[in-house]
Amino acid sequence: MLQVAFIRENRDDVIKRLAKRNLDASQMIDEVITLDEERRQLQTQLDNTLAESNSLSKEIGNLFKSGKAAEANELKEKTTLLKERSKTLGEQLNTTADSLNNLLYKIPNVPHESVPNGNSDEDNEEIYTEGDIPKLHDGALPHWELAKKYDIIDFELGTKITGAGFPVYKGKGARLQRALIAYFLDKNTAAGYTEYQLPHLVNEASGFGTGQLPDKEGQMYHVGEDNLYLIPTAEVPGTNLFRDELLSQNDLPIGITGYTPCFRREAGSYGAHVRGLNRLHQFDKVEIIRVEHPDNSYKAFEGMIEHVKMILRELKLPYRILRLCGGDVTFASALTYDFEVFSTAQDRWLEISSVSNFETFQANRLKLRFKNQDGKTQLCHTLNGSSLALPRVLAGILENYQTEDGIKIPEVLIPYTGFDKI
RNA sequence: GGAGAAAUGGCAGAGUGGUCGAAUGCGGCAGUCUUGAAAACUGUUGAGGGUCACACCUCCGGGGGUUCGAAUCCCUCUUUCUCCGCCA
């Protein structure tokens with residue numbers, strides 16, 4: 001959520017920058033400013049009322065002590081009126097503050113200046129490509145056919161025991177999955193990220209902290225009896241680790257990584273685009289999360305991009321990087337780069353990583369702050385990225401590494417799989 | 001699941017109705033000393049709102065209540081610890 005003071009001081013700029021998201025926020029922004037003024041006014045009135053009754057109370061105490069009970073009782077009557085007034089003002093203040101907050105929840109982050117204009121994923125800007133697209137033999141198959149042919153992933157079995165979008169990995173498929181998780185975690189920890197094992201269910205406060213609530217409630221699985229949510233990404237427990245924290249400058253930067261399954265209710269549309277591993281209700285992902293000094297966050301962002309590039313280079317997968325346009329960048333993010341791997345047999349790019357800088361947007365909700373050099377409290381910047389999401393990497397490997405007599409395993413993974421061919 | 005105890009600043013930990021936003025220690029910051037560092041010493045140091053700046057207001061796990069006045073008393077919820085039960 002944006003900071004009110006920032007909105008107040010940069011009204012025109014905020015509206016202009018939000019327009020990049022094809023959002024005319026002028027009305028909302030003005031309402032924020034009005035509500036905020038109202039809130040401050042009420043706060044002042046309440047403060048003054050309370051100040052008055054505080055000083056009366058002191059006086060009464062003193063009078064009682066010096067034995068002037070009659071005078072004290074006289075003053076007591078006065079406080080009744082003040083009490084009523086402060087109660088009314090308090091209620092008004094709460095109402096106003098609630099409306100202000102509800103409105104703030106609806107305003108997305110202001111995009112970074114480098115974010116290109118555009119409406120949809122078609123307007124994203126390709127900024128980098130690497131790797132050769134392999135020439136496959138005749139009769140090369142998409143990964144869901146390969147999965148069946150080599151009996152490594154069983155989609156029907158998943159449907160039987162749970163439902164569509166919950167695949168069952170078998171034999172070498174399961175082992176390859178585990179190999180990828182271990183390999184990614186090793187790469188991330190070697191780069192300085194601390195490994196965490198995080199809960200797969202989170203409470204409501206965590207959902208609010210990273211912005212899944214209140215708006216995207218329907219996208220998470222909800223365990224009603226205990227009012228918990230299945231995580232859609234490790235970003236949620238991982239970032240909420242730092243909720244309500246006041247760090248010292250020396251604690252920064254913080255980098256953590258963790259493997260979790262991810263659960264998403266709205267897994268997507270229909271047809272070939274959601275076949276196989278392309279879109280799932282449950283999938284595995286290794287995530288990297290950073291908490292940074294604001295001055296350093298874009299440098300850290302570049303570092304994360306380089307890190308993911310290095311992994312894809314090692315896996316020898318052809319990929320490209322997109323800078324998401326204003327219409328496609330997610331609600332909380334100021335700048336997002338997507339990584340896509342080329343899935344040769346499907347002849348299309350598949351998103352495998354999304355790296356974002358949220359600047360202070362999440363930190364403001366989380367109350368994640370640090371003491372800067374001058375001893376002042378300041379909001380941190382938060383960032384995260386997939387490093388990496390498993391299913392589509394797996395799809396890319398299966399499709400790009402297929403040969404007429406089996407699927408080869410990328411060299412760097414062989415120590416993890418213990419076999420070099422499926 | 002049952003019984004008991006507890007929740008206070010970045011951390012540890014005092015504080016049982018007004019003089020408490022809160023002792024003390026640690027940590028942080030600044031300084032003295034030192035070639036430099038450490039140690040020692042001195043000073044400083046909670047968060048949020050509000051203000052040009054002050055004033056002022058709020059916050060002692062969350063919510064409610066008693067009282068002129070609550071960290072302190074009462075109710076309730078949550079969490080933690082100890083003991084018992086169950087258990088991978």
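Numbers restart at 1 for each chain; the letters A, B, ... are given by sequence-line order, proteins then strands. What you see below is based on every heavy atom in this structure, not just the backbone, and it leaves out hydrogens, waters and symmetry mates.
- The same atom, C1', is picked in B:A37 and in B:A47; the two are 34 Å apart, to the nearest Å.
- A:Lys78 comes within 4.0 angstrom of no nucleic acid atom, judged by non-hydrogen atoms across all strands.
- The CG-P distance, from A:Asn203 to B:U79, rounds to 10 Å in whole Å.
- Among the nucleotides B:C29, B:G48, B:G50, the one closest to the side chain of A:Arg39 is B:G50.
- Under 3.5 Å, the side chains of A:Asn372 and A:His293 contain no donor-acceptor pair of N or O atoms.
- Separation of the P atoms belonging to B:G25 and B:C81 is 30 Å when rounded to the nearest angstrom.
- Nearest-nucleotide assignment on RNA chain B puts the 5′-proximal partner with A:Gln378, out of A:Glu52 and A:Gln378.
- Judged by Watson-Crick or G-U wobble contacts below 3.5 Å, the nucleotide B:A3 has B:U82 as its partner.
- With a cut-off of 3.5 Å on both Watson-Crick or G-U wobble distances, the partner of B:G61 is given as B:C77.
- Taking only side-chain nitrogens and oxygens, A:Asn54 never comes nearer than 4.0 Å to OP1 or OP2 of B:C68.
- Between A:Gln45 atom CD and B:G49 atom P there is a gap of 20 Å when expressed in whole angstrom units.
- On the P atoms, B:C75 is 34 Å away from B:U24, given to the nearest whole Å.
- Distances shown here put every side-chain N or O of A:Arg369 at or beyond 4.0 Å from the OP1 or OP2 atom of B:G10.
- Here A:Thr377 reaches the OP1 or OP2 of B:G48: one of its side-chain N or O atoms lies under 4.0 Å away.
- Between the P atoms of B:U78 and B:G63, the separation comes to 15 Å (whole Å).
- Between the side chains of A:Asn278 and A:Gln346, a donor-acceptor pair is found at a separation under 3.5 Å.
- Distance check on atom P: B:U67 versus B:G10 gives 34 Å, rounded to whole Å.
- Picking from B:G50, B:C68, B:C57 the nucleotide with the shortest atom distance to the side chain of A:Ser57 gives B:C68.
- The separation of B:G4 from B:U58, taken at their P atoms, amounts to 36 Å, rounded to a whole angstrom.
- Closest to the A:Arg8 side chain, of the nucleotides B:G50, B:G10, B:C57, is B:G50.
- Here B:A53 sits opposite no nucleotide as a Watson-Crick or G-U wobble pair (both hydrogen-bonding atom distances under 3.5 Å).
- Contact annotation: A:Lys83 side-chain N/O to B:G69 OP1/OP2 distance is under 4.0 Å.
- Spacing between atom NZ of A:Lys371 and atom C1' of B:U45 amounts to 8 Å, rounded to whole angstrom units.
- No hydrogens or angles considered: a donor-acceptor pair under 3.5 Å links the side chains of A:Arg290 and A:Tyr193.
- Taking the P atom of each, B:G15 and B:G61 are spaced 15 Å apart, rounded to whole Å.
- Per the geometry, CG belonging to A:Leu89 stands 15 Å off P belonging to B:C57, to the nearest Å.
- Counting to the nearest Å, the C1' atom of B:G69 and the CG atom of A:Leu50 are 13 Å from each other.
- Side-chain contact between A:Leu247 and A:Leu252: present, with at least one pair of heavy atoms (C-beta onward) separated by less than 4.5 Å.
- Cation-pi contact between A:Lys172 and A:Phe419: present, with separation from the ring centre below 6.0 Å and deviation from the ring axis of at most 45°.
- As a whole-Å value, the separation of A:Leu56 CG from B:U67 C1' is 15 Å.
- Atom-to-atom, CG of A:Asn48 to C1' of B:G49 comes out at 13 Å; the value is rounded to the nearest Å.
- With rounding to whole Å, A:Ile60 atom CD1 is found 12 Å from B:A70 atom P.
- For the 3.5 Å distance criterion, the side chains of A:Gln402 and A:Glu145 fail to qualify, holding no donor opposite an acceptor.
- A:Glu359 and A:Tyr298 share a side-chain donor-acceptor pair at under 3.5 Å.
- Within the nucleic acid shown, A:Ser248 has no heavy atom closer than 4.0 Å to any nucleic acid atom.
- The shortest distance between the side-chain N/O atoms of A:Lys367 and the OP1/OP2 oxygens of B:A47 is not below 4.0 Å.
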